[in-house]
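First up is the structure itself, then whatever we jot down about it.
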Amino acid sequence: MSAPAIIWFRRDLRLTDNHALSAAVASGAPLIPAFILDEEEGGEWRLGGASRWWLHESLAALSRDLEKRGAPLTLRRGDAQAELSRLVAETGAAAVYCNRIYEPWATDRDARLEAKLREKGVTTRSCAGALLAEPGSVCNAQGRPFRVFTPFWRALAERLQPAPPLPAPKKLRAAPAPASDRLDDWRLQPKAPDWAEGLRESWRPGEAGAQRRLDDFLRDGIGAYALLRDFPAKDGASRLSPHLHWGEITPLQIWSATAAAPEAGRLAFLRELGWREFCHHLLAAHPDMPKAPLDKSFARFPWTNDAGALEAWMKGETGYPLVDAAMRQLWRTGFMHNRLRMVAASFLVKHLLLPWREGERWFWDTLVDADLADNSGNWQWVAGCGADAAPYFRIFNPVLQGEKFDPDGAFVRRFVPELARLEAKYIHKPWAAPERTLRQAGIALGETYPRPIVDHAAARKRALEAYASLRAG
DNA sequence: CAGTCCTTTCG
DNA sequence: GAAAGGACT
């Protein structure tokens, strides 16, 4: 019997369009599918709470899918390099197959690991699939990585020659299975049970869930996507982001599946896929993007340090209904609508002048789609220190944003129930409502719902001055 | 080199 | 329609 091959699952928790898996199957070797939980990997960016929950559910799904095809998933926990080497030694594996991930900490580690395995005569085969194009492969006329989205996306789309996604292997020939941890022993589930409950109500992690989400979106969502995507109460978003992050589905599968969709919706939607791509390429070009502003002049930005304001923002108690609804959606469901991410993030950075890294950290822990490239790239974009930056145009007015994109207040009512009975005219500015109106709606400002923690006009002025000081210096 | 463009907002 | 400025061709 030939030496087995390990399929090292990481951020590719799927069987379809999985090049590493298909290559391993094609090699003819008996297979050992494995996942290693390394709770230290990523350092500061180790798994956040919502991501741990997702991972638990997604691994359970992957494990079932592999079992059905005759090759159970082996689970190990510990330092990824050490555990993989141990698994190779235990099983006599001659090859390791995996799909590439692109975080700077991961590319460094994987390169070291590959060298180490090669010394022992074990070959590593790493495949692409998490992105439409390899980072570094999309450049401007000077051969440099793009810093503006639209030319980047044009250049990528022009070059892209999508091959059809690979089908899932029907049967897997398994090697004798090594000892495995039990998933439940990993304690990936949150300690607060109500958090897990909120997440479970909102999501179906795993490849089948991802496929169903895509099918639903193609049937019900993509046609009107360009029209509805900005209205948080309309649920016009695809909600594929966490599935993409964990590789339960690939951008190529999504790209291919949209081929028959109406043009307007399709282009608007693929553009969002493009932003994901752009952020990943940016991170590869700027490995310190998660902690250092791409625009170096921001090193002397006059951030404030107001723990109380940060706390109010995290809890959704700023007194601005749209911001609060957004922050509570995040906490309850592990998700925040795209437009609200811009509004809530702008509020933290511009209205409160709190460092964007505080927001980045909170989103990292609470988003089910927490992704290093997307999270850091987008926070820098909002703060105005990132790519495609235009800080002066992005002081969102949370009242106007509410009136424009949640005109009847349906979204606010859903997530800020203490305002539910307030008429639409005041739903985004309860402080402006007459005392009688508030009383009839059961609201006592400062008691049942907070007064605004900052005045919009004053905060806007302060932010403009802070940004102007960068240029003056 | 100059001309165009940029996940936009606000008055 | 203006707000600053840099990216890109």
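Remember, it's a predicted structure, so these values are computed and weren't measured experimentally. Below, chains carry the letters A, B, ... as their sequence lines are ordered, and counting in each starts from 1. Values below: all heavy atoms of this structure, side chains included; hydrogens, waters and symmetry mates excluded.
- Judged as a salt bridge (charged side-chain N to carboxylate O under 4.0 Å, His left out), and not counting sequence neighbours, the contacts of A/E465 are A/K461.
- Residues meeting the ring pair (Phe, Tyr, Trp, His ring centres under 6.0 Å) test with A/W203, sequence neighbours left out: A/W54, A/F335.
- Using modelled atom types, one finds no donor on one side chain facing an acceptor on the other under 3.5 Å when comparing A/H428 with A/E403.
- For the salt bridge (Lys or Arg N to Asp or Glu O under 4.0 Å) test with A/R46, the passing option among A/E39, A/E103, A/E40 is A/E40; the others fail.
- When the ring pair (Phe, Tyr, Trp, His ring centres under 6.0 Å) test is applied to A/Y426, no partner is found at least two apart in sequence or on another chain.
- Ring centroids of A/Y225 and A/F217 are separated by less than 6.0 Å, placing the two rings close together.
- In summary, the aromatic rings of A/W255 and A/F269 are positioned with their centroids too far apart to meet the 6.0 Å limit.
- Neither side chain, A/T16 nor A/Q253, offers a donor N or O lying under 3.5 Å from an acceptor on the other.
- Separation of the P atoms belonging to B/dT9 and C/dG6 is 22 Å when rounded to the nearest angstrom.
- At a threshold of 4.0 angstrom between heavy atoms, the contacts of A/D295 with the nucleic acid are absent.
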Using the 3.5 Å cut-off, write out each protein N or O paired with an N or O of nucleotides 9-11 of chain B and the distance between them.
{"residue": "B/dT9", "atom": "OP1", "partner": "A/R339", "partner atom": "NH1", "Å": "2.8"}
{"residue": "B/dT9", "atom": "OP1", "partner": "A/Q401", "partner atom": "NE2", "Å": "3.2"}
{"residue": "B/dT9", "atom": "O4'", "partner": "A/F393", "partner atom": "O", "Å": "2.8"}
{"residue": "B/dT9", "atom": "O3'", "partner": "A/I395", "partner atom": "O", "Å": "3.2"}
{"residue": "B/dC10", "atom": "OP1", "partner": "A/I395", "partner atom": "O", "Å": "3.1"}
{"residue": "B/dC10", "atom": "OP1", "partner": "A/N397", "partner atom": "N", "Å": "2.3"}

Worksheet item: Dot-bracket for DNA chain B, 5' to 3', with Watson-Crick and G-U pairs under 3.5 Å, [ ] for crossing pairs and | for other-strand pairs: what is it?
Response: .|||||.|||.
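- Distance CH2 (A/W381) to P (C/dA7): 17 Å, rounded to an integer number of Å.
- At a non-hydrogen distance threshold of 4.0 Å, A/N140, A/A141, A/Q142, A/F146, A/R147, A/V148, A/P151 from residues 132-158 of chain A come into contact with DNA chain C.
- Between the side chains of A/D12 and A/H19, no donor N or O sits under 3.5 Å from an acceptor N or O.
- When rounded to the nearest whole Å, the span between NZ of A/K461 and P of C/dA3 equals 19 Å.
- Nearest heavy atom pair, residue A/W313 against residue A/G359, reads CH2-CA, 3.8 Å.
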